[in-house]
Every structure is written in C-alpha cells, then in structure tokens.
Number of protein chains: 2
Amino acid sequence: MKTTGDQFLVKKINKSIVLDTIREHSPISRAAVSKMTGLNKGTVSSLVQELIDNGLILEIGTGKSSGGRKPVMLLFHETAGYAIGVELGVSSIRTILTNLNGEMIEEDQRPLDTTDRDQVIEELFATIQAMIERAPTSRYGIVGIGIGVPGIVDEKGQILFAPNLDWEHVDLHTLVSDQFGLPVTIDNEANAGAVGELQYGAGRSALNIVYISVSEGIGTGIMIGGELFRGTAGLSGEMGHMTIEANGRKCRCGNKGCWELYASASAHPNFDFKTLLRLASDGEADGIRGFYEIGEYLGIGISTIINTFNPELIIIGNQISRAERYITSAIQQTVASRSLSYHRKHTTIRFAQLETRSTLLGAAYYAIAGFFSKDRATLV
Amino acid sequence: MKTTGDQFLVKKINKSIVLDTIREHSPISRAAVSKMTGLNKGTVSSLVQELIDNGLILEIGTGKSSGGRKPVMLLFHETAGYAIGVELGVSSIRTILTNLNGEMIEEDQRPLDTTDRDQVIEELFATIQAMIERAPTSRYGIVGIGIGVPGIVDEKGQILFAPNLDWEHVDLHTLVSDQFGLPVTIDNEANAGAVGELQYGAGRSALNIVYISVSEGIGTGIMIGGELFRGTAGLSGEMGHMTIEANGRKCRCGNKGCWELYASASAHPNFDFKTLLRLASDGEADGIRGFYEIGEYLGIGISTIINTFNPELIIIGNQISRAERYITSAIQQTVASRSLSYHRKHTTIRFAQLETRSTLLGAAYYAIAGFFSKDRATLV
DNA sequence: TTAGTTTGTCTATCGGTTAAACTAAGTTAT
DNA sequence: ATAACTTAGTTTAACCGATAGACAAACTAA
C-alpha cells in the first residue's frame, strides 16, 4: 500500500524542507527561508517555532538590515545530539564522534592484532562505550551508531562474508543494537565511504557518483540520484569482482580475472603496497612502473563504470590515495583511450577529499540521517 | 527549489493512487479501492467522480454482492486515448498503436534499404502519419509518440551516435515533435526494451532489473526502483562496451576487449548469426559450439552485472532470443561459476517475454506515462 | 418479514496552507 | 527630525482536501 496524501504528509514534507534549508544555509532568516522554498511566510514561521521547540534550531540574534527591520537569524542546532561512526578494519578499529552536522568532535583508534570474532567485538563494544562516555550531554544524546565493515553486508545488517576478517554470517546489527539499545546501521565500507564523500567531501551537490575503495581488494559504493543504490538484497556494488580478463588469474570468489586482482593496492605480483610506495618515492623504476600498471588496470575498470553509470563523479579512496601522484596519469590516459567519448565528457575522476575519513564520516551520517527521518515521522 | 507540500499535492498524489489502483485491478468497486489504498470511502468517491468526468474511467454496471448492496464496478477507460511506439531498426522501421493499457491495436513494418538520414526520416514520418490515421477517434486522441533507436541518445532526445545507421548528432526529438505537434520521447532501444519488459513482460512487479539487448551489438537498460536509470546526461547503460579482455580485440569504440565483441549475435569469427542458427538447428557441431561460446561470454558479462547491481531479474532480449535453446545452459553454467554466490541467489535470468516487441511496447509506454504524469499535474 | 451487511454519499470537523492585513523595527530622503 | 519607504515576522480569515461517522440504498440470509 502506497503512502496516501493527507495534511500530515504535507506538514512533514514542508518541515523537512524548512529544516534542510536552515541546515544548508545557516545562519538564515525566516524571510529568506520563505523566499528560497516558496513557502508562505506564515507557514515558515509556524514550522520554525516547532523546530525551535524541538530543540533542532536556535535563534542567534539579529542580522544586518537591508533597508528594513533586522532579520532574526536561525541556526541549525548541531549539538542537539551526537552520532558515532565506526570503521571496522582488518588491522584496526577507528571510531569518531560527530555532531548533527557531521563534524568530528572526538576520535579514537585501536589496533587489532586478531580477527577472532569475540575479541574483535569486545574491542568494538569498548571503543563505542568510550565514545558514548566522551559525548557532551545534549538534548537527544547519541542518536545512533553507524559501522562500516570490509565485507558483504545484507539489508538487515548481517555480515554475510568478510574475507579479510575471515568472518561469515555475523549478525553485527543485532549484537551492537542489543548492547547499546541505540539505532544501528551496518554497511560495507565502500558504501559508507560513498555516502561520506557525497555528504561531506568531493561529491557534495552531485547526484550520481561512484566511490571506489581501493586497498587489499576493491569495493564500490554507487550513489544514484543522491541515494545509495542497494540492489535487491542490499548487496549491490561488488564491482571489484567484475571480470576484466576472461581467462585471467583465479580469484578466491570463484571467478577468473577479477578487477581487484589487477588493480588493487596488493595487485603487484612481486611487491606489497608499502614496498611499492617506498620504491616509487625513491624514484626506482620498479615502483614507478608498478604503480603505472595498477593505474592502467584501474583505468580499465573505471572506463566500464563510466560507460555503465555515466556518473558525474568517480571518487577513488582508501589506501591507494597515498599513491595518487604515481597513478593519476595512468588512470587518466587509460580512461581517455578506453571509455566512450560522450560519456567521458560528463564524468570527473577525483581522489577522496576526506582522505582516510570517508567511511567514518559516512557511517556517522547513517546515524544522523536515521535520526532525522525518524524525527520527521514522529515529531510532526 | 524542491516541491513543497500543499493541498493540491495531496490531491494529485491520491488521485494518482486511485487511478493506478483501478488500472491494475479493473474491474473494481469504490469500496475495494478504499480498502486497498487506505483512503477514506468519501475521498475515493469524489476522486472517482472526477476521473469519470475526465473520461479516464467508466462505470460498467454492478458486480456480485457479497451479502449487501451490489458494488458498482469501475473500469479503466483504456480507449480514451492511444499511443504510438516506434522501433527504428537498421533494416526496418516497426510501428505499433496501443491503447492506454499498452495493448497493441495496430502494427506496421517497413523495410529500410538505406541509412540515409533524410530518407529514413521521411519513411519514419510516413509510418507515424499512417498510424495516426488508423487510430480510432477518442477523447484524448494520440497522447504521444515514443521512439527506440539503436544508438546513444542524450536526455534531450538527440541521437549522439548510432553506429549501425552511421548517424551522428541527429536531433530526432525536434524533428518529430515539429512534424506532428505531439509529445515525443526518444530513447535507445535497450532502455525502451527494459521499460517494456518491466511494464508488460517478464519484469512486472520487479523493481531492479537489467535488460540486455543482444543483436549486432549489446545494449543494456537498467531499471532501478522501478525507474529507468539514466545517468547524468542520459547516457547510462552502455555495458556492451565493458572490458572483459583487457588486451582483447579492438572495438570501433576505441576500447579493447569490449563485451559485445565476444557475446553479441555477430560475435562469431567465422559465421554470421543466421548461419549459426541454421548450423545449430541442423545439429552441426560448429553451430552448437559457436553458440556455446557466445553463451559463455554472455555469462561472463552477466556475472559482472549481477555483482554490480544485485538485480532481481536479468532479461535477455532482441535477436539472440532466437538462439535461446542453444545458449541457455552455457549462460547458466558460467554465471553459476563466476558470480558471487550471495548475489546470485537473488537474481533470476530470463529471456524477454515480449519476444521482439519489448522495445515497441516500451516506446509506447513512454508516451502513455508522459500523458498521465502531465494529466495528473494539470487536471487536478 | 426482519435483521444484518455492504456500498456509496453526505455532512461536520479538523488540520494544514495561503493571502493579506497588521505590527515591529529598521533605512532613506527631504 | 520627520515622513516615507522597506523589510521581517505574526496574526487572521478563508480555502481546500481528508477524515470520521451518520445515513440512505440495495442487497442476503434466516
């Protein structure tokens, strides 16, 4: 049954629009909100009053007059609540605390010397608990926890398969949810990275972007129309396993010639990523050529992505960012020669702007977005 | 500026819901619509009355009583208008006339022995004009024209590049629009096919489907959340040019190792499609093996599509359908061994149900959909 | 015949938006 | 200094569409 329209729906829509407008344009006056949104001044006034009562926005004195009465400036109350973002990596757990604007307030990093499920989860609980305790008191407290994990996650927040952790079928959502009694979102790290970059990084104001997370493997997060594309069971975006050599190397996924075997940070047959970086920075031919080859293979997959999605923006993130200067030209040249010209014209390729925080900020954003969508439904 | 909510929006939403419900469940009573949609009986009554006044639905006598007053059955008035769908092929132009339910009323096919722009367009105008004249008189007349073309079309309906017709930069939308003064939609044939299958064929009630049109080349239409995914400039879905052999055969697109070079109906190095079909039906090893190889390569690309989109359904259509029995098992085996198991579980692979009419029906649907979305906006 | 059920309409009310009047508080011109 | 103009924000009345519930119509079942 589709959602039918009634007066409450109208109010919910308009309240969202007003809140979003204030969030994006703080500080701003009621009159300006009315002009920007097209909503009547009176409507804006009453909705703003409710948002103030809800503690989500603040009046912050008067602004400059432009020939008449001074406007009362409104501010999004970014510290009315806090969100926790976690990146569960293979060798470390990183955690941040953000305000409702997604600005980082606190940070924590713990090395992981095990992949044992129980030990990792114990450490995860500890870092989250510590972050909860470090959060300032606020009206809404911790509004949620978002976690990015290196693996395949279904729509219920269950980790189906995390090869680097050697985990299978871990219902992380239930575990964390039961422990803290807070809203929890679990997603794979590439999806979270895509969300982070679109909200706070290189992809702001873009609608269709593809985020490519390149480290040991390759993961991709696909944002379509400003929304994460999840596929039927929440399993979309495993483009690391697209075939680029029909009879290529065998992959642990069962396929042959997967992209990530040729284009990831660990793709070089002789040197690992750190060694390659050292060689390249020393100007050694082995390092330079190693990265050039990786860049070429990245370009091959990126060309397919461009032809498939015709995105505004492709963002390359995670470990490989550290080799940006060594691989950029190889990528650009390969894409220029391999992708369809009309498609290429509309696509920009960039490295992640948030550096190593795309996933963390994206994870925290899940919590913030969840809070507001709930808020909009219930607090009308 | 986002659309803000007001009473008109509410009415538009509800009127759409009522109309859609009647379209999908004709014949149906007002009471049943109310129960299905959750809308109040009175609301349904008044919206139905308006739709009757608009000529979009009809009262068709009473139905069976279930222990009380007999219901008045409502019918979608499918002949209140007609739509034209055109498939501009390389060797022929096919045209259909449908009612507002997308049911074919008239059909026309004209061979094309030239790819000359002016001659083709003259023929195109002639077939459309003939179809307009064959349409029964109706309240809304011809509500629009949809055209599927074999090439890259941008969001304005301009053909950027149609290799098989040898056309570049033809503003077909303006040409047809000026000639007939009707709403016109131009899209590539794979997109139109995807829409056709989702609306009327194998993909009904699915949300995420990928339609693969396999003939001389390979085109793909991607439906996400029930909507066609168009990309930033309307150029999405050229997966025929994804790389499956990094150093494979040279493609006219500039890339190497494109999928369509290995998996299209014209991919066999020695035999053309017709010959292969004849050989296979004669039980000749060359034909059987030829199709098996094409099926394997199709399976490689389909595996990438599954891992990328995790769609509910993949539909294979166009010319290759005629070889269904020779390639099915090769496709299934390859996909089973190459795609990620979790993803594969949620995806079904089928051949087009509308046979050679996916594109035509999809093109006509563009016109119908355009009519209703306009109608909903203006006739409230 | 009577009681109960189902369909569809009608009426009062409610909650939202809007336009417009109004109050408040500034600036600019003379 | 004062009048005229501007801009900001609130209040009021009117409007519109949905809803709940009463009602009439038309049927079935006992």
Side-chain angles (χ1 to χ4, degrees), chain A residues 1-18 21-22 25 27-53 57-74 376-377 379-380, chain B residues 1-19 21-22 25 27-53 57-74 376 379-380:
Chain A
M1 195 158 86
K2 265 188 206 164
T3 331
T4 55
D6 61 13
Q7 62 227 40
F8 304 106
L9 176 71
V10 168
K11 186 165 180 180
K12 204 165 95 179
I13 293 171
N14 290 342
K15 203 169 171 181
S16 281
I17 292 175
V18 168
T21 307
I22 295 171
H25 299 93
I28 187 175
S29 69
R30 289 167 175 81
V33 172
S34 169
K35 265 179 206 152
M36 289 189 64
T37 59
L39 287 166
N40 184 278
K41 287 196 295 173
T43 306
V44 171
S45 261
S46 81
L47 293 176
V48 161
Q49 191 51 55
E50 286 188 30
L51 289 167
I52 289 176
D53 293 344
I57 63 179
L58 293 174
E59 291 189 336
I60 188 80
T62 53
K64 265 201 181 159
S65 160
S66 60
R69 173 174 167 178
K70 284 182 183 167
V72 177
M73 302 314 273
L74 304 168
R376 281 163 195 177
L379 289 187
V380 163
Chain B
M1 192 158 85
K2 264 189 208 165
T3 330
T4 55
D6 61 12
Q7 64 228 32
F8 304 107
L9 176 71
V10 169
K11 188 164 181 181
K12 204 165 94 179
I13 292 172
N14 291 341
K15 203 168 171 181
S16 281
I17 292 175
V18 169
L19 181 56
T21 306
I22 295 171
H25 299 93
I28 187 174
S29 69
R30 290 168 174 81
V33 172
S34 169
K35 266 180 204 151
M36 289 190 64
T37 59
L39 286 166
N40 184 279
K41 287 194 295 174
T43 306
V44 171
S45 261
S46 81
L47 293 176
V48 161
Q49 191 50 56
E50 287 186 32
L51 289 167
I52 289 175
D53 293 344
I57 62 179
L58 294 173
E59 291 189 336
I60 189 80
T62 53
K64 265 201 181 158
S65 160
S66 60
R69 175 174 165 179
K70 283 182 183 169
V72 178
M73 303 313 275
L74 303 168
R376 281 164 195 178
L379 289 187
V380 163

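Worth saying up front: this structure is predicted, and the values here are computed from it rather than measured. Sequence lines set the chain letters: A, B, ... in the order given, protein chains first and strands last, and positions in each chain run from 1.
- Contact annotation: A:Asn14 does not reach the phosphate of C:dG16 (side-chain N/O to OP1 or OP2, under 4.0 Å).
- Between B:Leu9 atom CG and C:dT18 atom C1' the separation is 15 Å, expressed in whole Å.
- Note: NZ (A:Lys70) to P (D:dG9) measures 13 Å, nearest angstrom.
- Looking at heavy-atom distances under 4.0 Å, B:Ser34 makes no contact with the nucleic acid at all.
- Rounding to whole angstrom units, NZ of residue B:Lys15 and P of D:dG17 are separated by 10 Å.
- D:dA18 atom C1' lies 9 Å from atom CZ of A:Phe8, rounded to whole Å.
- Using a 4.0 Å heavy-atom distance criterion, B:Lys41 is classed as a base contact.
- With contacts defined as side-chain heavy-atom distances shorter than 4.5 Å, the pair B:Glu59/B:Leu74 qualifies.
- Listed candidates were D:dT7, C:dC14, D:dT10. Nearest to the side chain of A:Ser45 is D:dT10.
- Side-chain contact between B:Met36 and B:Val33 is absent, with no heavy atoms from C-beta onward closer than 4.5 Å.
- Residues B:Thr37 and A:Thr4 approach most closely at O-CG2, 3.4 Å, considering heavy atoms.
- For D:dA26, neither phosphate oxygen OP1 nor OP2 lies less than 4.0 angstrom from any side-chain nitrogen or oxygen of B:Ser65.
- We find that CG of B:Leu74 is positioned 12 Å from P of C:dT7, with the value rounded to whole Å.
- Comparing A:Gly68 and A:Gln7 by the nucleotide of DNA chain D that holds the closest heavy atom to each, the one mapping nearer the 5' end is A:Gly68.
- The phosphate of C:dA19 (OP1 or OP2) has a side-chain N or O of A:Asn40 nearer than 4.0 angstrom.
- The separation between A:Gln49 atom CD and C:dT17 atom C1' is 18 Å, rounded to whole Å.
- Base contact: B:Thr43 has a heavy atom under 4.0 Å from a base atom.
- B:Val72 comes within 4.0 angstrom of the backbone, heavy atoms only, and of no base.
- In this structure, A:Lys35 reaches the D:dA8 phosphate: one of its side-chain N or O atoms is under 4.0 Å from OP1 or OP2.
- Proximity note for B:Val10 (side chain, C-beta onward) versus D:dA18, D:dG9, C:dG26: the nearest is D:dA18.
- The partner of D:dA30 is C:dT1, judged by Watson-Crick or G-U wobble contacts that both fall below 3.5 Å.
- Between C:dT18, C:dT6, C:dG8, one nucleotide has an atom nearer to the side chain of B:Ser66 than all others, and that is C:dT6.
- A:Asn40 and A:Ser34 make their closest contact through C-OG, 3.8 Å (heavy atoms, listed as atom of the first residue, atom of the second, distance).
- D:dT10 atom P lies 13 Å from atom CD of A:Glu50, rounded to whole Å.
- A donor-acceptor contact under 3.5 Å links the side chain of A:Arg69 to the base of D:dA8.
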Take B:Gln7 and A:Val10, measure what side-chain contact (heavy atoms from CB on, under 4.5 Å) needs, and give me the verdict at the end. CA-CA 8 Å; B:Gln7 64 228 32; A:Val10 168; over 6 Å; no
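- Proximity of A:Arg30 to the phosphate of D:dT10: a side-chain N or O atom is located under 4.0 Å from OP1 or OP2.
- Straight-line distance from the NZ atom of A:Lys12 to the C1' atom of C:dG15: 16 Å, rounded to whole Å.
- The minimum heavy-atom distance linking A:Arg30 with A:Val44 is given by the pair O-CG1, 3.7 Å.
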